[in-house]
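Please read the structure below before turning to the comments.
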Amino acid sequence: MNLSSLKSILGPLENTPKMPVLFLGHGSPMNAIEENQFVKGFRNVSAQIEIPKAVLVVSAHWETRGTQVTAMKNPKTIHDFGGFPPALYQVQYPAPGMPELAAEIKSSVHSTDIHLDDQWGLDHGAWTVIRHMYPDANIPVVQLSLDYYKTPQEHYELAKELSRLREKGILIVGSGNVVHNLRMVHWQKLNEPYGYDWAIEANDKIKADILSGNHEDLIHYSRLGKAFELAIPTPEHYLPLLYTLALQDKDEPVSLFNDEPLGGSLTMTSVKIG
């Protein structure tokens, strides 16, 4: 891909209105095929947004050494889970990729080298939510991986380098869960709004910081005590939230939706910026 051909595709998008940014609590893979309040929330938020030229997803389910971006024309649908009904494994989401966007991301990020990937595809952190937003699978989808060697601050700073994509018609989506502790799930209450005290405490603090713009505490969440140790035992489902927040402009409006706890130790809280 040479520079002139890249500009011919992405250059005209410079004058589009700035796209919003989303963080989606993706929850169980079963949300891909179930009808519930959360998938309605995904559909509702997409209806509030101009049709994007492409979607860039930062998913909790693609962790790599170094940062990678999918660069194939036709990403496969990855069923990266086990123990679910056969109907879930039969779902395909044949959205095209966008190699030109992958090349643009690689050229835009200077804090780290971005590897163009031709093996991954769309994992369930991406397709199980995007298929409700764009069910015709006619919007290109590209994924950016999480480098598990980077600190939360480094992830946040990397995300800032993606900001100009918002003015090219690209919808950037972080996909994870604000509170995510599978080892402590109350399975009998997985399908009802229920949260342990520590999960509610951490989620409420995170929501307050999101709404007030206190990104410093959100970046350094590991300093915030026992509730956060339980709510975020591993970082991969939380880090996509930092990618979303890093793209917020000063005084840009932010709103919450799908704000429910499930199974004691999970929250579906989702965020729209812009």
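Residues meeting the side-chain contact (heavy atoms from CB on, under 4.5 Å) test with I33, sequence neighbours left out: M30, A87, L88, V91, R131. Partners of N258 according to the side-chain contact (heavy atoms from CB on, under 4.5 Å) rule, which considers only residues two or more places apart in sequence or in another chain, are F38, F42, S270. Residues passing the side-chain hydrogen bond (donor to acceptor under 3.5 Å, both in side chains) test with Q48: none are found, sequence neighbours excluded.
Looking at Q143 and L122, their side chains come closer than 4.5 Å, going by heavy atoms from C-beta outward. Residues R166 and L56 are not in side-chain contact: their nearest non-hydrogen atoms beyond the backbone lie 4.5 Å or more apart. Side chains of P52 and M19 form a contact here, defined as non-hydrogen atoms less than 4.5 Å apart.
No option in Q153, K160, H155 other than Q153 meets the side chain to side chain donor-acceptor pair (under 3.5 Å) test with E157.
Side-chain N/O atoms of R65 and Y149 include a donor and acceptor closer than 3.5 Å. T267 and N203 share a side-chain donor-acceptor pair at under 3.5 Å. A donor atom on one side chain and an acceptor atom on the other are found under 3.5 Å apart for E161 and S111. Y156 and H215 share a side-chain donor-acceptor pair at under 3.5 Å.
Between H61 and H124, the distance separating the two ring centers is shorter than 6.0 angstrom. Ring pair Y89/F81: centre-to-centre distance below 6.0 Å.
In this structure, T64 and S145 approach most closely via the heavy-atom pair OG1-OG, 2.7 Å. Nearest heavy atoms, I232 versus P235: CG2-CA, 4.2 Å. Shown here for A227 and A202, the closest heavy-atom pair between the two residues is O-CB, 4.0 Å.
Ion pairing between a basic and an acidic side chain is recognised when a charged N comes within 4.0 Å of a carboxylate O; E252 and K18 show no such pairing. Ion pair K73/E100 not flagged as a salt bridge, since none of the NZ, NE, NH1 or NH2 atoms sits closer than 4.0 Å to an Asp/Glu carboxylate oxygen.
Every pair tested for salt bridge (charged side-chain N to carboxylate O under 4.0 Å, His left out) that includes a residue from residues 133-152 fails, sequence neighbours excluded, so the list is empty. Sorted by first and then second residue, the pairs that involve residues 226-236 and meet side chain to side chain donor-acceptor pair (under 3.5 Å), not counting sequence neighbours, are T234-E236. Sorted by first and then second residue, the salt bridge (charged side-chain N to carboxylate O under 4.0 Å, His left out) pairs with a member in residues 199-208 read D204-K207, K205-D209, K205-D217, K207-D259; sequence neighbours excluded.
Annotation for N138: atom CG counts as buried by contact number, over 12 foreign heavy atoms lying within 6.0 Å. Atom CD of E50 has 12 or fewer neighbouring heavy atoms from other residues, nucleotides or ligands inside a 6.0 Å radius.
Under the 4.5 Å side-chain heavy-atom criterion for Ile, Leu, Val, Met, Phe, Trp and Tyr, L24 and L171 are members of the same hydrophobic cluster. L162 and I49 fall into different hydrophobic clusters, where Ile, Leu, Val, Met, Phe, Trp and Tyr are joined by side-chain heavy atoms under 4.5 Å apart, directly or via other members. A chain of hydrophobic side-chain contacts below 4.5 Å, direct or via other Ile, Leu, Val, Met, Phe, Trp or Tyr residues, connects V254 to Y221.
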